[in-house]
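Heads up, the thing below is written out as structure tokens.
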Amino acid sequence: MTIYNTLSRRIERFETIEPGVVRMYVCGVTVYDSAHVGHGMSAIVFDVIRRYLEYRGYRVRHAQNFTDIDDKIIDRANREGIAPDDLTARMIADWHAELGRLNILPATVYPRATEEIGPIVAMIEGLIAKGHAYPVAGDVYFRVRAFPGYGKLSHRDLDDLLSGARIEVDERKEDPLDFALWKAAKPGEPSWPSPWSAGRPGWHIECSAMCTTHLGGLVDIHGGGADLIFPHHENEIAQSEAFLGRQPFARYWVHNGLLRLGGEKMSKSLGNFVRLREILDRDLGAAFRLMVLQSHYRAPLTYTEEGLLGAERGLDRLRAAAGEAAAPDGAAATDDAAGDSADLPALAAETERRFHAAMSDDFDTPGAVAALFALGRAINRARAERRPPGTIEPARRTLIALAGVLGLPLAIDETTGAGDAAPFIELLVGVRDELRAAKQWALSDRIRDGLAERGITLEDGATGSTWSRRKA
RNA sequence: GGCGCCAUAGCCAAGCGGUAAGGCACGGGUUUGCAAAACCCUGAUCGACGGUUCGAAUCCGUCUGGCGCCUCCA
């Protein structure tokens, strides 16, 4: 297996610190607002990485944090007139519910900044003792120039950073680049005791502390969105390696490309985001996952409604192949011998080979998905040619299994979203089946058109009609 | 201003020196009472200009156009 490392800018061979075990830390979210589809994309990327590693036999210890104290949380809670704790508790509950609906496997641990104050304070004390940090009026700052490797992840040197000149100069800091490890609380803000002040941790230190507490201070994969490379992950490396006195602190730095909307990065601060809940409520979570997987995880992806619905259409074809449905009524004539649909077992084996070749090569999910479509088409074709189910079954199982590795559920749940209407729809469909048997076309078409207007699609097969709710 | 990424058919998107995956849409067909679904067929020489090479979408240079980071951000 190979994996791209942001640190070396190379695709490297994947080797874990401990054989058979992968320690993976993925930076989570600051819980001041509900998740948008960009968060969903990142979650999907690391979910698939994890699923594939587990499929390959690794035991994956996966930690994902919640930043549950910071300025935006305090502001938001104040505006809503509630306690920060209540806001973050609600957001975290929503996060778990929504990501669950996206079919994201739960992480092994979900550490939270406010529950790690002890280790955070201890780490800051250690950094001060080693001369890597200094307290100033209740705050504590990291001494960037005392850490020689600073900039190695984002590949820039200190002078480049300074020339950016957009760093607001805080006179209390020794150097403009120094960043906060601990911030003294202002009146009315939540705070925790520390040797320097009643205050709260800076953003970056929590991840360093959590990696140390929950993953032994040395992780195989450290990931997040590409927007975290600088300064967040750069600072994490500085803190952790300065504190631990050894390097590397993480073997592979993995960053997903960002989701774009309207030509720009989707982000909460730009205000151009689509909430994850919106697509989940339309039952398009699996379609979104497929859309994400059809582009490489490191490349940026443009989010469009068209793309999402297109993915849903593609998913339908895979679902048709994965279903146990009998052959469609008419045997479609095939006028050439281009595809060896009779040789499904060989194609299934070939698909499996292609799938693993792609996934082992820096998680090339587009290639893996392409292999799945090839197999799906062959299965549908075999059905159209009325091949015996027994010859199709193994290929079908392969398709479902491989799709499962990507977290794509192919099981059909046709009544999803129909709610209380289902019994009435079924009654109508049953009546219509009888009308069709009696060749009462006008009436049966009227029922079909009427249901279509109400978002229910009918499909007439050899053994009767099936119905499903149209997604839009 | 600095660092970096990208530009492939109508749209999305793979490709990592050997002659262009896949998905969606469009069109033609098979099937169907008519549909739907499914299946078959159909489309690109890879932003522009140079260079390296037997051979380049893939390597190098210049240009043009996007984007990201340098401040909170998955």
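Letters go in sequence order (proteins before strands), and every chain restarts at 1.
Here the closest non-hydrogen pair linking Ser208(A) and Ser240(A) is OG-OG, 2.9 Å. The two residues Ile49(A) and Met24(A) come nearest to each other via the heavy atoms CG2-SD, 4.3 Å.
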*Start with the C-alpha gap between Thr2(A) and Asp362(A), add the side-chain angles, then the distance that decides, and say whether side-chain hydrogen bond (donor to acceptor under 3.5 Å, both in side chains) holds.*
CA-CA 5 Å; Thr2(A) 60; Asp362(A) 191 29; 6.0 Å; no
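Base pairing analysis places G4(B) opposite C67(B); the two distances defining the Watson-Crick or G-U wobble pair are each below 3.5 Å. Using Watson-Crick or G-U wobble geometry with both donor-acceptor distances under 3.5 Å, A13(B) finds no partner in any strand shown. Across all strands shown, A74(B) forms no Watson-Crick or G-U wobble pair with both distances under 3.5 Å. Under the Watson-Crick or G-U wobble criterion, with both distances below 3.5 Å, A38(B) is paired with U30(B). C46(B) is unpaired under the Watson-Crick or G-U wobble criterion, no partner having all donor-acceptor distances under 3.5 Å. Base pairing annotation: A21(B) forms no Watson-Crick or G-U wobble pair, as no partner gives both donor-acceptor distances under 3.5 Å. For A57(B), there is no paired nucleotide, since no Watson-Crick or G-U wobble pair has both relevant distances below 3.5 Å.
With salt bridges taken as basic N to acidic carboxylate O contacts below 4.0 Å, one links Arg319(A) and Glu312(A). The pair Arg200(A)-Asp70(A) does not meet the salt-bridge criterion, since no charged nitrogen lies less than 4.0 angstrom from a carboxylate oxygen. Salt bridge annotation for Asp94(A)-Arg277(A): present, with a cationic side-chain nitrogen under 4.0 angstrom from a carboxylate oxygen. With respect to the salt-bridge test (charged N to carboxylate O, under 4.0 angstrom), the residues Arg448(A) and Asp445(A) qualify.
In this structure, Leu372(A) reaches neither bases nor backbone, as no heavy-atom distance under 4.0 Å exists between it and the strands shown. Residue Val29(A) is classed as a sugar-phosphate contact, given heavy-atom separations below 4.0 Å to backbone atoms only. Within 4.0 Å of Lys439(A), counting heavy atoms only, lies no atom of the nucleic acid at all. Using a 4.0 Å heavy-atom criterion, one finds that Leu290(A) contacts no nucleic acid atom at all. Note on Gly28(A): only backbone sugar-phosphate atoms sit closer than 4.0 angstrom, heavy atoms only; bases stay farther off. As judged by a 4.0 angstrom heavy-atom cut-off over every strand, Arg354(A) is placed among residues touching the sugar-phosphate backbone only. Across all strands, Arg432(A) comes closer than 4.0 Å to base atoms (heavy-atom distances). When heavy atoms are screened at a 4.0 angstrom cut-off, Ile229(A) is found touching no nucleic acid atom at all.
Contact check, Asn380(A) against C39(B): a side-chain N or O comes under 4.0 Å of OP1 or OP2. Listed pair Arg317(A) / A37(B) fails the phosphate criterion, with no side-chain N or O lying under 4.0 Å from OP1 or OP2. Remark: Arg313(A) is not in phosphate contact with G23(B), judged by side-chain N or O atoms under 4.0 Å from OP1 or OP2. Residue Arg436(A) has no polar side-chain atom (N or O) positioned under 4.0 Å from OP1 or OP2 of C34(B).
Residues from residues 100-108 of chain A placing a heavy atom under 4.0 Å of any atom in RNA chain B do not occur.
The side chain of Ala384(A) sits closest to A38(B) out of A38(B), C40(B), C72(B). Here the nucleotide nearest the side chain of Arg9(A), chosen from G33(B), A74(B), C3(B), is C3(B).
Contact annotation: the side chain of Pro190(A) approaches that of Ile74(A) to within less than 4.5 Å [non-hydrogen atoms, C-beta and beyond]. By the 4.5 Å heavy-atom criterion applied to side chains, Leu161(A) and Tyr150(A) are counted as neighbours. Side-chain contact check for Tyr303(A) versus Met291(A): some heavy-atom pair is nearer than 4.5 Å.
Between Phe273(A) and His39(A), the distance separating the two ring centers is not shorter than 6.0 angstrom.
Going from the P atom of C6(B) to that of G47(B) covers 13 Å, rounded to whole Å. Atom name C1', nucleotides G61(B) and A56(B): the rounded distance is 15 Å, in whole Å. Between the C1' atoms of C11(B) and A25(B), the separation comes to 7 Å (whole Å).
By the stacking rule of 5.5 Å between ring centres and under 30° between planes, Trp441(A) stacks on the base of G33(B).
Checking each of Glu174(A), Arg172(A), Lys173(A) against Tyr141(A) for a side-chain hydrogen bond (donor to acceptor under 3.5 Å, both in side chains) leaves exactly one that passes, namely Arg172(A).
Atom pair Asn272(A):CG and C67(B):C1' shows a separation of 13 Å (rounding to whole Å applied). The nearest whole Å value for the distance from the CZ atom in Arg10(A) to the C1' atom in C5(B) is 17 Å.
Between His155(A) and Glu306(A), the residue anchored closer to the 5' end of RNA chain B is His155(A), taking for each the nucleotide with the nearest heavy atom. Residue Leu270(A) is the one, among Leu270(A) and Met266(A), whose nearest nucleotide of RNA chain B lies closer to the 5' end (criterion: closest heavy atom).
At a cut-off of 3.5 angstrom, the base of C72(B) holds no donor-acceptor pair with the side chain of Asp70(A). Between the base of C34(B) and the side chain of Arg448(A) there is a donor-acceptor pair shorter than 3.5 Å.
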Could I get a table of every N or O pair under 3.5 Å where one atom is in the protein and the other is in nucleotides 12-15 of chain B?
| unit_1 | atom_1 | unit_2 | atom_2 | d |
| --- | --- | --- | --- | --- |
| A13(B) | O2' | Gln294(A) | O | 3.0 |
| A14(B) | OP1 | His296(A) | N | 2.8 |

